[in-house]
Amino acid sequence: MSGAFLHTIFDVLAWLAAAAAVYWLSRQRLQFPAQSFQLPYVAALVFGAGLGAYLFGSANLWLSGESGIARSVEGALAGGIVAIELYKWSAGIAARTGARFALPLALGIAIGRLGCYFAGLDDFTYGTPTALPWAHDFGDGILRHPVQLYESAAMAVFALLYVLAVVNRNAFVITNGFYLVLVYYGAQRFLWEFLKPYGTLIPFTLFHLLSLSILLYAGVMLATAPKARRLQNEILA
(Lines give C-alpha, C1' and ligand atoms only; values in the text may rest on other atoms or scores of the structure.)
Protein backbone atom coordinates (compact mmCIF):
# COMPACT_ATOMS: atom_id res chain seq x y z
CA MET A 1 0.00 0.00 0.00
CA SER A 2 1.57 3.30 -1.12
CA GLY A 3 2.34 6.14 1.24
CA ALA A 4 0.11 8.50 -0.71
CA PHE A 5 -2.84 6.12 -0.38
CA LEU A 6 -2.26 5.75 3.37
CA HIS A 7 -2.06 9.52 3.66
CA THR A 8 -5.43 9.82 1.93
CA ILE A 9 -6.99 7.24 4.25
CA PHE A 10 -5.84 9.15 7.33
CA ASP A 11 -7.00 12.44 5.82
CA VAL A 12 -10.47 10.93 5.48
CA LEU A 13 -10.28 9.57 9.03
CA ALA A 14 -9.24 13.00 10.27
CA TRP A 15 -12.30 14.61 8.68
CA LEU A 16 -14.56 11.88 10.06
CA ALA A 17 -13.10 12.36 13.54
CA ALA A 18 -13.63 16.11 13.28
CA ALA A 19 -17.25 15.54 12.26
CA ALA A 20 -17.71 13.10 15.14
CA ALA A 21 -16.31 15.70 17.52
CA VAL A 22 -18.82 18.28 16.29
CA TYR A 23 -21.62 15.77 16.79
CA TRP A 24 -20.42 14.84 20.28
CA LEU A 25 -20.26 18.49 21.29
CA SER A 26 -23.80 18.99 20.03
CA ARG A 27 -24.90 16.15 22.32
CA GLN A 28 -23.40 17.95 25.30
CA ARG A 29 -26.12 20.62 25.10
CA LEU A 30 -23.60 23.37 24.36
CA GLN A 31 -24.96 26.19 22.23
CA PHE A 32 -22.11 27.60 20.16
CA PRO A 33 -22.38 30.77 18.02
CA ALA A 34 -24.74 30.07 15.12
CA GLN A 35 -22.66 32.04 12.58
CA SER A 36 -20.08 29.26 12.35
CA PHE A 37 -22.53 27.04 10.48
CA GLN A 38 -23.89 29.66 8.08
CA LEU A 39 -23.05 29.23 4.38
CA PRO A 40 -21.09 32.51 3.85
CA TYR A 41 -19.02 31.79 6.95
CA VAL A 42 -18.25 28.24 5.82
CA ALA A 43 -17.41 29.46 2.30
CA ALA A 44 -14.96 32.03 3.65
CA LEU A 45 -13.41 29.41 5.91
CA VAL A 46 -12.96 26.86 3.12
CA PHE A 47 -11.55 29.43 0.70
CA GLY A 48 -9.11 30.91 3.21
CA ALA A 49 -7.97 27.52 4.50
CA GLY A 50 -7.42 26.16 1.00
CA LEU A 51 -5.50 29.23 -0.14
CA GLY A 52 -3.37 29.28 3.00
CA ALA A 53 -2.64 25.56 2.81
CA TYR A 54 -1.21 25.71 -0.71
CA LEU A 55 0.40 29.13 -0.38
CA PHE A 56 2.42 28.35 2.74
CA GLY A 57 3.05 24.71 1.85
CA SER A 58 4.44 25.59 -1.57
CA ALA A 59 6.41 28.57 -0.23
CA ASN A 60 8.09 26.30 2.30
CA LEU A 61 9.13 23.92 -0.47
CA TRP A 62 10.65 26.81 -2.41
CA LEU A 63 12.52 28.12 0.64
CA SER A 64 13.83 24.60 1.25
CA GLY A 65 15.18 24.26 -2.27
CA GLU A 66 12.48 21.83 -3.39
CA SER A 67 10.17 22.08 -6.37
CA GLY A 68 6.49 21.32 -6.63
CA ILE A 69 3.25 22.20 -4.90
CA ALA A 70 2.50 21.29 -1.30
CA ARG A 71 -0.14 21.78 1.36
CA SER A 72 0.33 22.80 4.97
CA VAL A 73 -2.07 22.28 7.86
CA GLU A 74 -0.63 25.32 9.62
CA GLY A 75 -1.01 27.34 6.45
CA ALA A 76 -4.63 26.21 6.24
CA LEU A 77 -5.17 27.24 9.84
CA ALA A 78 -3.66 30.69 9.30
CA GLY A 79 -5.52 31.22 6.03
CA GLY A 80 -8.80 30.22 7.64
CA ILE A 81 -8.28 32.63 10.54
CA VAL A 82 -7.51 35.56 8.24
CA ALA A 83 -10.46 34.79 5.95
CA ILE A 84 -12.92 34.51 8.84
CA GLU A 85 -11.73 37.68 10.53
CA LEU A 86 -12.10 39.56 7.22
CA TYR A 87 -15.53 38.06 6.67
CA LYS A 88 -16.67 38.97 10.19
CA TRP A 89 -15.37 42.51 9.73
CA SER A 90 -17.18 42.93 6.41
CA ALA A 91 -20.41 41.43 7.79
CA GLY A 92 -20.31 43.40 11.01
CA ILE A 93 -20.06 40.30 13.21
CA ALA A 94 -18.51 41.09 16.59
CA ALA A 95 -19.10 37.70 18.24
CA ARG A 96 -16.27 35.23 18.67
CA THR A 97 -17.27 32.29 16.52
CA GLY A 98 -14.50 29.68 16.74
CA ALA A 99 -15.38 27.88 19.98
CA ARG A 100 -16.92 24.81 18.35
CA PHE A 101 -13.75 24.12 16.31
CA ALA A 102 -11.31 23.46 19.17
CA LEU A 103 -11.88 19.72 19.54
CA PRO A 104 -12.37 18.98 15.81
CA LEU A 105 -9.13 20.82 15.04
CA ALA A 106 -7.11 18.95 17.67
CA LEU A 107 -8.46 15.55 16.65
CA GLY A 108 -8.08 16.28 12.96
CA ILE A 109 -4.43 17.21 13.31
CA ALA A 110 -3.69 14.28 15.65
CA ILE A 111 -5.05 11.78 13.13
CA GLY A 112 -3.93 13.60 9.99
CA ARG A 113 -0.31 13.65 11.13
CA LEU A 114 -0.34 9.88 11.23
CA GLY A 115 -1.01 10.02 7.50
CA CYS A 116 2.00 12.30 7.08
CA TYR A 117 4.11 9.75 8.96
CA PHE A 118 3.03 6.82 6.79
CA ALA A 119 3.48 8.87 3.61
CA GLY A 120 7.25 8.77 4.14
CA LEU A 121 9.78 10.92 2.34
CA ASP A 122 7.42 12.19 -0.34
CA ASP A 123 5.39 14.12 2.23
CA PHE A 124 8.40 16.26 3.32
CA THR A 125 7.20 16.39 6.93
CA TYR A 126 9.88 14.15 8.41
CA GLY A 127 12.48 15.33 10.91
CA THR A 128 16.21 15.81 10.93
CA PRO A 129 18.64 12.92 11.53
CA THR A 130 18.96 11.65 15.09
CA ALA A 131 20.47 8.76 17.04
CA LEU A 132 17.59 8.54 19.49
CA PRO A 133 16.22 5.00 19.98
CA TRP A 134 12.82 5.88 18.50
CA ALA A 135 14.31 7.35 15.31
CA HIS A 136 12.67 6.17 12.10
CA ASP A 137 14.03 5.31 8.65
CA PHE A 138 11.58 6.72 6.12
CA GLY A 139 13.17 4.79 3.29
CA ASP A 140 16.49 6.46 2.54
CA GLY A 141 18.57 4.67 5.18
CA ILE A 142 18.74 7.73 7.46
CA LEU A 143 17.30 7.59 10.96
CA ARG A 144 15.22 10.70 11.60
CA HIS A 145 12.98 12.32 14.19
CA PRO A 146 9.39 11.13 13.59
CA VAL A 147 8.13 14.66 14.19
CA GLN A 148 4.76 13.76 12.73
CA LEU A 149 4.23 11.41 15.70
CA TYR A 150 5.41 14.08 18.13
CA GLU A 151 2.77 16.46 16.83
CA SER A 152 0.10 13.78 16.68
CA ALA A 153 0.69 12.82 20.31
CA ALA A 154 0.76 16.45 21.45
CA MET A 155 -2.56 17.27 19.81
CA ALA A 156 -4.14 14.06 21.11
CA VAL A 157 -3.22 15.20 24.63
CA PHE A 158 -4.96 18.53 24.04
CA ALA A 159 -8.04 16.73 22.71
CA LEU A 160 -8.19 14.58 25.84
CA LEU A 161 -7.81 17.59 28.15
CA TYR A 162 -10.50 19.45 26.24
CA VAL A 163 -12.93 16.52 26.51
CA LEU A 164 -12.32 16.42 30.26
CA ALA A 165 -12.99 20.16 30.44
CA VAL A 166 -16.30 19.71 28.61
CA VAL A 167 -17.33 16.83 30.87
CA ASN A 168 -16.53 18.99 33.89
CA ARG A 169 -18.40 21.98 32.39
CA ASN A 170 -15.34 24.25 32.46
CA ALA A 171 -16.79 27.49 31.08
CA PHE A 172 -13.45 29.18 30.40
CA VAL A 173 -12.04 26.28 28.38
CA ILE A 174 -15.25 25.72 26.41
CA THR A 175 -15.79 29.40 25.62
CA ASN A 176 -12.14 30.07 24.72
CA GLY A 177 -11.29 26.62 23.42
CA PHE A 178 -10.37 27.77 19.93
CA TYR A 179 -7.81 30.27 21.18
CA LEU A 180 -6.46 27.77 23.68
CA VAL A 181 -5.92 25.17 20.96
CA LEU A 182 -4.20 27.83 18.84
CA VAL A 183 -1.81 28.67 21.68
CA TYR A 184 -1.12 24.99 22.28
CA TYR A 185 -0.72 24.17 18.60
CA GLY A 186 1.46 27.18 17.88
CA ALA A 187 3.78 26.44 20.82
CA GLN A 188 4.29 22.77 20.07
CA ARG A 189 4.63 23.40 16.34
CA PHE A 190 7.26 26.07 17.02
CA LEU A 191 9.31 23.50 18.97
CA TRP A 192 9.05 20.75 16.36
CA GLU A 193 10.22 23.13 13.62
CA PHE A 194 13.72 22.99 15.11
CA LEU A 195 13.71 19.29 14.19
CA LYS A 196 12.76 19.71 10.53
CA PRO A 197 15.03 20.13 7.48
CA TYR A 198 13.29 23.25 6.17
CA GLY A 199 14.90 26.33 4.73
CA THR A 200 15.31 29.18 7.20
CA LEU A 201 14.46 32.86 7.30
CA ILE A 202 16.89 34.69 9.62
CA PRO A 203 17.17 32.19 11.43
CA PHE A 204 13.72 30.62 11.70
CA THR A 205 11.72 28.60 9.20
CA LEU A 206 8.58 29.96 7.57
CA PHE A 207 6.52 27.85 9.95
CA HIS A 208 8.40 29.19 12.96
CA LEU A 209 7.21 32.64 11.97
CA LEU A 210 3.70 31.41 11.23
CA SER A 211 3.56 29.69 14.63
CA LEU A 212 4.59 32.91 16.34
CA SER A 213 1.91 34.80 14.42
CA ILE A 214 -0.75 32.31 15.51
CA LEU A 215 0.49 32.51 19.10
CA LEU A 216 0.30 36.31 19.01
CA TYR A 217 -3.23 36.29 17.58
CA ALA A 218 -4.48 33.76 20.11
CA GLY A 219 -2.74 35.52 22.98
CA VAL A 220 -4.41 38.82 22.13
CA MET A 221 -7.80 37.15 21.82
CA LEU A 222 -7.42 35.43 25.18
CA ALA A 223 -6.18 38.60 26.86
CA THR A 224 -9.22 40.52 25.62
CA ALA A 225 -11.77 37.74 26.11
CA PRO A 226 -14.85 38.56 28.17
CA LYS A 227 -15.10 36.66 31.40
CA ALA A 228 -16.76 33.31 30.79
CA ARG A 229 -19.89 33.03 32.86
CA ARG A 230 -20.49 29.88 34.85
CA LEU A 231 -22.38 27.21 32.94
CA GLN A 232 -25.89 26.90 34.24
CA ASN A 233 -28.49 24.41 33.12
CA GLU A 234 -25.72 22.84 31.07
CA ILE A 235 -26.07 25.43 28.31
CA LEU A 236 -23.26 27.60 26.94
CA ALA A 237 -24.49 31.05 25.93
Side-chain angles (χ1 to χ4, degrees), residues 14-15 17-38 40-50 52-53 56 72-89 91 93-113 151 154-190 210-229 231 235-237:
W15 282 105
V22 171
Y23 175 75
W24 180 78
L25 288 172
S26 72
R27 300 289 292 176
Q28 304 308 304
R29 299 176 63 191
L30 303 177
Q31 184 181 344
F32 293 107
Q35 293 94 334
S36 56
F37 270 174
Q38 293 176 351
Y41 184 100
V42 173
L45 177 60
V46 171
F47 175 79
F56 285 100
S72 160
V73 65
E74 187 168 35
L77 184 56
I81 290 171
V82 171
I84 289 301
E85 291 297 342
L86 289 174
Y87 166 73
K88 287 169 57 180
W89 173 76
I93 299 173
R96 300 184 174 207
T97 57
R100 77 166 77 241
F101 299 116
L103 182 58
L105 178 63
L107 279 178
I109 294 175
I111 295 174
R113 278 308 187 200
E151 187 169 338
M155 297 310 294
V157 168
F158 179 91
L160 175 60
L161 294 176
Y162 182 87
V163 167
L164 293 175
V166 170
V167 171
N168 289 296
R169 322 307 290 179
N170 188 312
F172 177 81
V173 172
I174 297 171
T175 304
N176 298 287
F178 182 64
Y179 306 116
L180 292 173
V181 76
L182 290 183
V183 168
Y184 186 92
Y185 174 80
Q188 60 90 40
R189 180 65 188 259
F190 184 85
L210 198 54
S211 297
L212 290 176
S213 299
I214 289 173
L215 277 168
L216 177 61
Y217 166 78
V220 170
M221 297 302 283
L222 285 172
T224 58
K227 186 176 181 180
R229 72 173 180 83
L231 294 182
I235 296 177
L236 174 66

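Counting begins at 1 with the first residue of the sequence.
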Rounded to the nearest 0.5 Å, how far apart are [atom1] of [X] and [atom2] of [Y]?
X      : Y      : atom1 : atom2 : value
Lys88  : Arg96  : NZ    : CZ    : 7.5 Å
Phe172 : Leu222 : CZ    : CG    : 5.5 Å
Gln188 : Glu151 : CD    : CD    : 4.5 Å
Asn170 : Leu161 : CG    : CG    : 11.0 Å
Phe32  : Thr175 : CZ    : OG1   : 8.5 Å
Ile214 : Leu182 : CD1   : CG    : 6.5 Å

Would you say that [X] contacts [Y] through its side chain, given a criterion of any heavy-atom pair below 4.5 Å between the two side chains?
X      : Y      : answer
Phe101 : Ile84  : no
Phe158 : Ile109 : no
Leu216 : Leu212 : no

What class does the angle between the rings of Tyr41 and Tyr87 fall in, given that below 30° is parallel, 30 to 60° is tilted and above 60° is perpendicular?
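The arrangement is perpendicular - the two ring planes meet at more than 60°.
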
Any donor-acceptor pair under 3.5 Å from Arg100 side chain to Pro33 backbone
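Confirmed, Arg100 side chain pairs with Pro33 backbone.
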
Using modelled atom types only, decide if a donor and an acceptor are shared between the side chain of Tyr162 and the backbone of Val173 within a distance under 3.5 Å.
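Absent.
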
Distance-minimising heavy-atom pair for [X] and [Y]:
X      : Y      : result
Ser211 : Glu74  : OG-OE2, 2.7 Å
Ala44  : Ala83  : O-CB, 3.3 Å
Ala99  : Ile174 : CB-O, 3.7 Å
Gln35  : Ala95  : NE2-CB, 4.2 Å
Ala14  : Ile111 : N-CG2, 3.8 Å
Val183 : Ala218 : CG2-CB, 3.6 Å

Apply side-chain contact (heavy atoms from CB on, under 4.5 Å) to the pair Thr97 and Gln38, showing each step before the final yes or no.
CA-CA 11 Å; Thr97 57; Gln38 293 176 351; over 6 Å; no

Going through the distances and angles, do Met221 and Phe178 end up as a side-chain contact (heavy atoms from CB on, under 4.5 Å)?
CA-CA 10 Å; Met221 297 302 283; Phe178 182 64; over 6 Å; no

Above 12 or not: heavy atoms from other molecules or residues under 6.0 Å from CH2 of Trp24?
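Check passes, neighbour count above 12.
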
Run Phe56 and Leu77 through side-chain contact (heavy atoms from CB on, under 4.5 Å) and show every step you take.
CA-CA 10 Å; Phe56 285 100; Leu77 184 56; over 6 Å; no

